[in-house]
S.K.: 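Sharing a structure below in structure tokens format, with a few things to ask.
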Amino acid sequence: MSTLPGPAPVAVRHLAAPPMNSTMRTRFAPAPSGDLHVGNVRTALFSWALARRHGGTFLLRVEDTDRSRVSDEAFNAALDVLGWMSIDWDEGPGVGGPYAPYRQSERLPYYAEAAAKLRASGAAYSCYCTPSELAERREQARAANRPPGYDGRCRSLTADERAAFEAEGRTSVLRFWMPDGTTTWNDLVRGEITIDHANVPDFAITRSDGHPLYLLAAAVDDVAMGLTHIVRGEDLVTATPRQLALYTALGQPQERWPAFAHLPLIIGADNQPLSKRNGEVSIAWYRRAGFLSEGLGNYLALLGWSPGGDREFFGRELLLSEFDVSRVSKNPARFDLKKLDAVNGDWIRSLSESELAERIAPVLADAGLKVDADQLAAVVPLVQIRMNRLTEAAELLHFLFVDEAAFAIEEAAATKGLGEGSGAVLRAAQERLSAVQDWSAAALEPVIWGIGEDLGLNRKRTATPLRVALTGRMMSPPLFESMELLGRERTLTRIARAIGTAG
RNA sequence: GUCCCCAUCGUCUAGCGGUCCAGGACAUCGCCCUUUCAAGGCGACGGCACGGGUUCGAAUCCCGUUGGGGGCACCA
């Protein structure tokens, strides 16, 4: 008699999709609780591309309702990463918009209103189960091979029972009563999906402190902000029947429900979700590691999507003109650092020398190498075809810009490159180089090869001692260009030093 | 365990019933070029998970098996 009736069974069918045109509204909704991950940014990229492709609106909403996990640093870092990736938003933090604010922590009244409405209508109930009780029952269920989800214990508490719990000092969460029935929707990437609510347990929509939880906040905002297409990870497919149930309980007309597109997850080499254990996940890491945002974006776009045919090297223009969410793959994509390196290398090679110089400058500065603009311009052609990541420029050019006092020949290089016969090459070079008038690569080359000819050495045996003497390594940028850049004085100084250890 | 989803070279993928004894890229391995390393060129290796159907015809459609991923939180 005092038990709540509970919601009537439903058969939700959400098959119609809003048109893909300039009325489209998509969003990226990160929780700023750490660095943005590879998966987050790919989701952002696809969602952005979907809106941009059709001339729609892309918005950024920050899901920072869990105060214990989010931080301003992470928030700022997220905006920074999106900016670096050239993912811009029409509405959201920094730019505002008709549905401001766009940080959920500033929208709490909306969620409180929705929660109150759900409680009043009986769609949600107070649940007094404690976290430890829930965990215990979950374990029991698991052990008995039953589904571990919430068992509905507090669904029909009487007023007396509630009073007793409260007298006990228990707090409660607001839990949504999932109606019996099924939900079917037409997923933009996966097609029609039907889920039986028997597999969708009741779920908490507020914490015991009254704070809204993700399912509630996202459901409220997605409709309130007029979103038409939700692009998110596959981990959220079972959130869909819950959110549609929430829309219904909140009285949102079905014409306003967004369509959903669930992207396949990005996994590591071990088939497990990409994580710190099986790869790097932080976009900030890739940025620091010397990847171009163009290269990373290109690679990420390839993870689960393809423009078709043999096209693999492409930039934003192609995404803007051809991105098609229905072409997104349904199975998980393995993240492959080697391929990223290759794509990034292609991008580095596609840059003009001046563009590359601009990208390299900060990398060299970070490595403590002092280089002026002229030196940098001279050096770019030497490294452009030799690197896949910007940071490799610092290694390649170290010998050129390091303080003379700090220059040293690597031990392995000295052993291999300054062995038998190298002394003769170096002494001859010392002598003939002193007489060279025109200190240019073109003029230096015949002088050095002449030494080899006179000594009866092939080019490799001629060049190697000099390479090691001048660069300290067995591998380096081309020898004569390096000599030119190094200059006569430093070249002769290093040769003289190497003669001391040469065989 | 259960529900949902998925299944083409080692990896990312093209393919949407005949044009595929399956194409590209990365990786690997050769060769060429070459002062090292690269880049570049050429080539090799390598796959439709398995079993049933449907069809004149299947990588493409259906069913099953196997395998993989995801969900079942007071995280999002």
S.K.: Look at A:Q272 and B:G68 and indicate whether a side-chain polar atom (N or O) is within less than 4.0 Å of OP1 or OP2.
M.R.: no

S.K.: When all nucleic acid strands are considered with a 4.0 Å heavy-atom cut-off, which category describes A:G304: base, sugar-phosphate, or nothing?
M.R.: sugar-phosphate

S.K.: Using atom C1' in both nucleotides, what's the gap between B:U60 and B:A49 to the nearest angstrom?
M.R.: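 That atom pair is separated by 16 Å.
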
S.K.: Applying a 3.5 Å limit to both distances, which nucleotide forms a Watson-Crick or G-U wobble pair with B:U2?
M.R.: B:G71

S.K.: Taking only the C1' atom of each, what is the distance from B:G46 to B:U11 in whole angstrom?
M.R.: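 Going atom to atom, C1' in each nucleotide, I get 12 Å.
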
S.K.: What interatomic distance, in whole Å, is found between P of B:U65 and the corresponding atom of B:C74?
M.R.: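 The answer is 33 Å between these two P atoms.
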
S.K.: If you check the A:D336 side chain, which of B:U35, B:C26, B:G69 turns out closest?
M.R.: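 Taking heavy atoms from C-beta onward, the closest nucleotide is B:C26.
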
S.K.: Tell me the interatomic distance from A:R386, atom CZ, to B:U34, atom P, rounded to whole angstroms.
M.R.: 15 Å

S.K.: Using a strict cut-off of less than 4.0 Å between a Lys/Arg side-chain nitrogen and an Asp/Glu carboxylate oxygen, indicate whether A:K416 and A:E410 qualify as a salt bridge.
M.R.: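 Between A:E410 and A:K416 there is no salt bridge, as every charged N stays at least 4.0 Å from the carboxylate O atoms.
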
S.K.: Measure from CD on A:Q243 to C1' on B:G71 and round the result to the nearest Å.
M.R.: 13 Å

S.K.: With respect to the side chain of A:P273, which nucleotide from B:G70, B:C12, B:G71 is positioned closest?
M.R.: B:G70

S.K.: Taking the P atom in each of B:G15 and B:G23, what is the distance between them to the nearest angstrom?
M.R.: 15 Å

S.K.: In whole angstrom, what separates A:L340's CG from B:U13's P?
M.R.: 14 Å

S.K.: Let me know, please, whether A:P147 or A:E445 comes out on the 5' side of the other along RNA chain B by nearest nucleotide.
M.R.: A:P147

S.K.: So what does A:E133 touch, heavy atoms closer than 4.0 Å: a base, only the sugar-phosphate, or nothing?
M.R.: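 Here A:E133 touches no strand at all.
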
S.K.: If the plane angle is over 60° it's perpendicular, under 30° parallel, otherwise tilted; pick one for A:F260 and A:H14.
M.R.: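 Ring orientation, 0 to 90° scale: perpendicular.
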
S.K.: Between B:U13 atom P and A:F335 atom CZ, what is the distance in whole Å?
M.R.: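 Going from A:F335 (CZ) to B:U13 (P), I get 13 Å.
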
S.K.: Consider the side chain of A:N331, meaning its heavy atoms from C-beta on, and name the nucleotide among B:C6, B:G68, B:U2 that approaches it most closely.
M.R.: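 The closest nucleotide is B:C6.
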
S.K.: As a test of understanding, state which of A:R242, A:R175, A:R155 forms a side-chain hydrogen bond (donor to acceptor under 3.5 Å, both in side chains) with A:D202.
M.R.: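 That would be A:R155; it is the only one of A:R242, A:R175, A:R155 passing the side-chain hydrogen bond (donor to acceptor under 3.5 Å, both in side chains) with A:D202.
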
S.K.: Would you mind classifying the nucleic acid contact of A:R467 as base, sugar-phosphate or nothing, using non-hydrogen atoms under 4.0 angstrom?
M.R.: base

S.K.: Between the protein and nucleotides 73-76 of chain B, list the N/O to N/O atom pairs that are separated by less than 3.5 angstrom.
M.R.:
residue : atom : partner : partner atom : Å
B:A73   : OP2  : A:P148  : O            : 3.1
B:C74   : OP2  : A:R175  : NH2          : 3.4
B:C74   : O2   : A:S208  : N            : 2.9
B:C74   : O2   : A:S208  : OG           : 3.2
B:C74   : N3   : A:S208  : OG           : 3.3
B:C75   : OP1  : A:R207  : NH1          : 2.6
B:C75   : OP1  : A:R207  : NH2          : 3.2
B:C75   : O3'  : A:D66   : OD2          : 3.4
B:C75   : O2'  : A:R69   : NE           : 3.1
B:A76   : OP1  : A:T65   : OG1          : 3.2
B:A76   : OP2  : A:Y214  : N            : 3.0
B:A76   : O3'  : A:E63   : OE1          : 3.1

S.K.: Taking CG from A:N271 and P from B:A7, how many angstroms apart are they, rounded to a whole number?
M.R.: 15 Å

S.K.: Going by the side chain to side chain donor-acceptor pair (under 3.5 Å) test, which pairs reach into residues 476-485 of chain A, not counting sequence neighbours?
M.R.: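 Qualifying pairs, neighbours excluded: A:R467-A:S476.
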
S.K.: Answer with base, sugar-phosphate or nothing: what part of the nucleic acid does A:R232 contact at a heavy-atom distance below 4.0 Å?
M.R.: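 Result for A:R232 = nothing.
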
S.K.: Give one of base, sugar-phosphate or nothing for A:L479, where a contact means two heavy atoms less than 4.0 Å apart.
M.R.: base

S.K.: On a plain distance test, is the side chain of A:R190 in donor-acceptor contact with the base of B:C5 below 3.5 Å?
M.R.: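 By the distance-only test, no, there is no pair.
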
S.K.: Return the nearest nucleotide to the side chain of A:K339; candidates are B:C26, B:A14, B:G69.
M.R.: B:C26

S.K.: Flag the pair A:E322 and A:R311 as a salt bridge only when some basic side-chain nitrogen lies within less than 4.0 angstrom of an acidic carboxylate oxygen.
M.R.: yes

S.K.: Check every strand shown and say whether A:T194 touches a base, only sugar-phosphate, or nothing at a heavy-atom separation below 4.0 Å.
M.R.: sugar-phosphate

S.K.: Between A:K276 and A:E280 (salt bridge meaning N to carboxylate O under 4.0 Å), is one present in this structure?
M.R.: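 Looking at A:K276 and A:E280, the cut-off is met.
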
S.K.: Looking at A:D341 and A:K338, does any basic side-chain N land under 4.0 Å from a carboxylate oxygen?
M.R.: no

S.K.: Using a heavy-atom cut-off of 4.0 Å across all strands, would you classify A:T462 as base, sugar-phosphate, or nothing?
M.R.: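 Contact class for A:T462: none.
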
S.K.: Please determine if A:D72 and A:R103 form a salt bridge, counting it only when a charged side-chain N lies under 4.0 Å from a carboxylate O.
M.R.: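 Salt bridge flag = yes for A:R103 with A:D72.
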
S.K.: In whole angstroms, how far is the C1' atom of B:G68 from the CD atom of A:E234?
M.R.: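 One finds 11 Å between C1' of B:G68 and CD of A:E234, rounded.
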
S.K.: For B:C50, give its Watson-Crick or G-U wobble partner with both distances under 3.5 Å, or none.
M.R.: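 Pairing partner: B:G64.
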
S.K.: May I have the distance from A:E322 (atom CD) to B:A14 (atom P), rounded to whole angstrom?
M.R.: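 Between P of B:A14 and CD of A:E322: 14 Å.
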
S.K.: Just the rounded figure in Å: distance from P of B:A38 to CD1 of A:I348.
M.R.: 16 Å

S.K.: May I ask you to decide whether A:D64 forms a salt bridge with A:R69, counting only side-chain N to carboxylate O separations under 4.0 Å?
M.R.: no

S.K.: Salt bridge check, A:D222 against A:R61: does any charged N sit closer than 4.0 Å to a carboxylate O?
M.R.: yes

S.K.: May I ask you to verify whether the side chain of A:K338 and the base of B:A27 hold a donor-acceptor pair under 3.5 Å?
M.R.: no

S.K.: From B:C3, B:A25, B:U11, pick the nucleotide closest to the side chain of A:N199?
M.R.: B:C3

S.K.: Using a 4.0 Å heavy-atom cut-off, does A:W449 contact any base of the nucleic acid, only the sugar-phosphate backbone, or nothing at all?
M.R.: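 Here A:W449 touches the bases of the nucleic acid.
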
S.K.: Between B:G53 and B:U13, how many Å separate the two P atoms, rounded to a whole number?
M.R.: 32 Å

